[in-house]
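Worth saying up front: this structure is predicted, and the values here are computed from it rather than measured. In what follows, every chain begins at residue 1, and chains take the letters A, B, ... in the order their sequences are listed.
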Amino acid sequence: MRLPVLLMLSAVSGAAATAPAHVMQTLRIHPGDRVPSTLVAAPLPADDSERTPLAFAWALDPGRPLQPPGVQTAVSRGYSLQVDAAALRRGVALPLTAAEALIQVSPAPGARALPGNALQLRGATGQPVPVRSAAAQTLLPDGVGVPTGTHVLRTGTHVAGLHALYATPARGRYVVQVMEPLSPLWLELQAPRTTLLAGGTTTVRARLHDDAAASGAPRAGVAGPYGQALLVAPDGRSWPQPLHPDTNGRLQVQVRVPAEGSALPGLWELQVFTGAAGVLRDGRVAFAVAQPTARLSGQAAADPLRRRIVLPVQVAAPGRYEVRGTLYATGRDGQPRPVAQGHAAAWVGTPGNTTLVLGFGTVPLPPGFSAPYELRDLQLHDQSRLAPLESRAAPLRF
Amino acid sequence: MRSRRIGAGLLALLLGTATAQAAETWGVAFVHGTGRQQQADRDYWQPMIIERLRGGLAEPHNVLVVNCDFSQYAWTPAAAGCLAGQLAGFIEERGITHLAVITHSHGGNMMRWLLSNPTYDRRYPPIIQRLHTVVALAPSSAGTPLADAVMDGNRFESVLGWLLGYRNDAVRMQQVSHMAVYNALWLYGTAGRPALPRPFRAVVGTGVQSAPWHAGSACGGYALNLGLAFTRAWLGGCSDGFLHCNSQRAAGTEWFADRARTRGGLPLSHNQSRRDCFGLGAILRETLPP
């Protein structure tokens with residue numbers, strides 16, 4: 001069903017908003033909400049933030065329910081190795097667990113670009129394994145880009161097992177990446193949060209699955225997973241993170257993000273490198289890290305007639321700040337359903353208290369919907385630093 | 001007398017309708033994928049598909065082929081800022097009231113950034129107001145493992161860290177784990193998230209035809225199709241050689257999967273979905289009013 005979309009563009013002076021004379025309500029907190037306890041005066045990155053206050057709202061289909069993001073899950077059937085030229089001349093051990101594996105060999109800066117025919121894969125008996133080879137630059141779309149001299153080998157239907165990769169003319173360092181899309185052995189990573197405040201912690205769990213074991217044919221020797229992890233910031237800094245086994249045969253890592261965060265935008269990664277009796281698996285999960293430069297005061301004034309919510313905000317650092325949320329209205333069956341999405345942003349040049357106003361009044365309600373309303377998935381963002389500061393699942397009913 | 005009143009009413013209705021249609025000024029914009037483009041009409045899209053859409057416009061000059069630096073993060077001035085500037089300028093210069101945007105690959109993410117963050121830049125809301133539809137050809141809405149492969153190949157550090165010897169933030173963004181976070185926090189239109197304020201209709205490429213004797217392998221360049229056939233192995237299952245079908249379907253709605261509409265029921269590889277292969281250009285003209 002295509003809904004009419006009605007847009008609202010209005011100039012809202014965040015600092016000088018005249019709030020309607022409605023009673024302030026306390027915003028509810030639910031388990032899982034992210035609310036900064038302290039604020040920091042983080043430096044402002046490149047000063048190209050929009051200065052014009054903006055507000056915008058559009059209709060949602062009440063027949064299309066929304067769901068909060070769940071646990072982030074990543075699956076991997078591959079691994080990477082860093083090798084030097086001497087290792088490639090001796091032969092780099094590559095455990096393979098399935099047919100049709102892909103092996104990518106990328107030279108580090110300064111390393112010799114290897115011709116495709118310089119790479120040779122041998123099986124456990126030392127016999128060469130027939131492979132198809134291609135230069136990676138011919139495989140990937142324009143603009144994606146790979147280091148010059150990167151090659152991809154593709155094995156055929158031969159038997160899996162321990163292989164060795166050779167490159168006699170190698171010089172320098174290389175990354176060897178193995179991808180086994182048909183492997184029954186896969187790494188699952190679970191991260192409960194997509195966002196952390198700087199200085200915060202989260203627990204990531206890693207589990208090696210063996211589909212062959214699940215089908216009743218357990219793989220001999222696959223036991224006791226081990227591994228290490230690395231927390232990587234957008235600016236390239238990294239911190240080793242110890243992996244610990246739990247009682248269920250899984251590994252877990254308690255990640256603590258440094259309080260200073262990162263000056264560069266982008267996502268942080270937790271890279272996990274695991275193995276178990278001849279099987280190697282690497283994976284990664286990503287998440288956003290925010291330095292808490294502002295927070296909602298915890299109060300709001302809601303006008304149900306105009307469907308407008310005034311949100312006081314405490315700001316510790318100059319920047320552009322945005323609130324966004326989903327308006328739920330009550331249908332004829334008495335159930336709340338999403339009817340509109342709204343955003344409002346303004347530049348705050350001086351730290352202190354300000355207000356942002358979420359307005360849904362220009363978005364027509366669907367037939368049969370009315371008050372009482374709920375504001376859900378309320379978020380506060382620092383647009384200047386691309387940081388999701390605060391989130392509240394269901395803070396307000398009016 | 002009654003028939004005269006009915007006739008007059010019908011005439012008024014027809015005139016009113018004609019007036020409304022006359023007030024509509026349609027335009028088409030092409031938004032390329034990852035990378036920096038300076039002549040995307042020639043290098044990225046090639047003229048044929050552009051001319052197919054141009055032929056469907058009442059005013060054939062109302063075509064914009066965007067050229068921006070989509071190797072940067074989506075929100076940067078060189079990326080979304082450039083995109084907004086070119087779209088806004090086009091709308092104003094041509095008096096566009098109804099804009100159809102055709103994107104390819106990461107270009108779909110670029111439009112979703114603009115649509116999902118309307119208060120980020122004052123140019124975004126007027127663009128959204130005039131935007132009729134986004135047709136996303138093979139959008140990388142959930143990323144691709146091939147982006148992970150590219151980034152893995154660029155990670156060098158003595159303690160398995162990250163040496164910034166090669167930067168392509170757009171590729172970094174399109175890693176599967178990264179797009180999961182962007183979709184959860186900053187991009188709308190995926191399952192369980194608020195819908196985008198304008199229709200986002202995906203065209204899904206489901207395969208790669210690389211047999212040299214098959215006519216379907218030549219369109220767009222045989223060598224490129226051969227490469228995509230190789231990378232399909234990386235993805236497994238349904239893919240266009242660069243993107244899994246599930247990634248292409250992850251945001252908005254699916255308009256059609258290639259074989260359902262293309263001439264001969266042929267698949268569109270990731271390279272072919274930006275070209276006028278197998279009648280794609282004629283199909284895209286359905287986006288415009290008849």
Compute the ring centroids of A:W268 and B:H178, then answer whether they are less than 6.0 Å apart.
no

Identify which of B:A195, B:A184, B:G237 forms the greatest number of heavy-atom pairs closer than 4.5 Å to chain A.
B:A195

Checking heavy atoms, do the side chain of A:L386, its backbone, both or neither come under 4.5 Å from chain B?
both

So what's closer than 4.5 Å to chain B heavy atoms on A:R51: side chain, backbone, both or neither?
neither

Non-hydrogen atoms of chain B under 4.5 Å away: do they reach the side chain of A:A74, the backbone, both or neither?
neither

Engaged part of A:P338 at the chain B interface, taking heavy atoms whose separation is under 4.5 Å:
neither

Is it the backbone or the side chain of B:Y188 that comes under 4.5 Å from a heavy atom of chain A, or both, or neither?
side chain

Between B:D148 and A:R284, does any side-chain N to carboxylate O distance fall below 4.0 Å?
yes

With a 3.5 Å cut-off and no angle check, do the side chains of B:Q39 and B:D41 form a donor-acceptor pair?
no

Say whether, by atom type as modelled, one donor and one acceptor occur between the side chain of B:Q72 and the main chain of B:D69 under 3.5 angstrom.
no

Is it the side chain or the backbone of B:S140 that comes within 4.5 Å of chain A heavy atoms, both, or neither?
neither

Could you look at A:T73 and say if it's the side chain, the backbone, both or neither that has a heavy atom under 4.5 Å from chain B?
neither

Mind checking whether A:W58 and A:F360 have ring centres under 6.0 Å apart?
no

Below 30° counts as parallel, above 60° as perpendicular, anything between as tilted: where do the rings of B:W186 and B:W75 land?
tilted

Measuring heavy-atom distances to chain B, does A:E322 have an atom under 4.5 Å in its side chain, in its backbone, in both, or in neither?
side chain

Can you tell me which portion of B:T253 sits under 4.5 Å from chain A's heavy atoms? Options are side chain, backbone, both or neither.
neither

State whether a side-chain donor-acceptor pair under 3.5 Å links A:Q341 with A:R324.
no

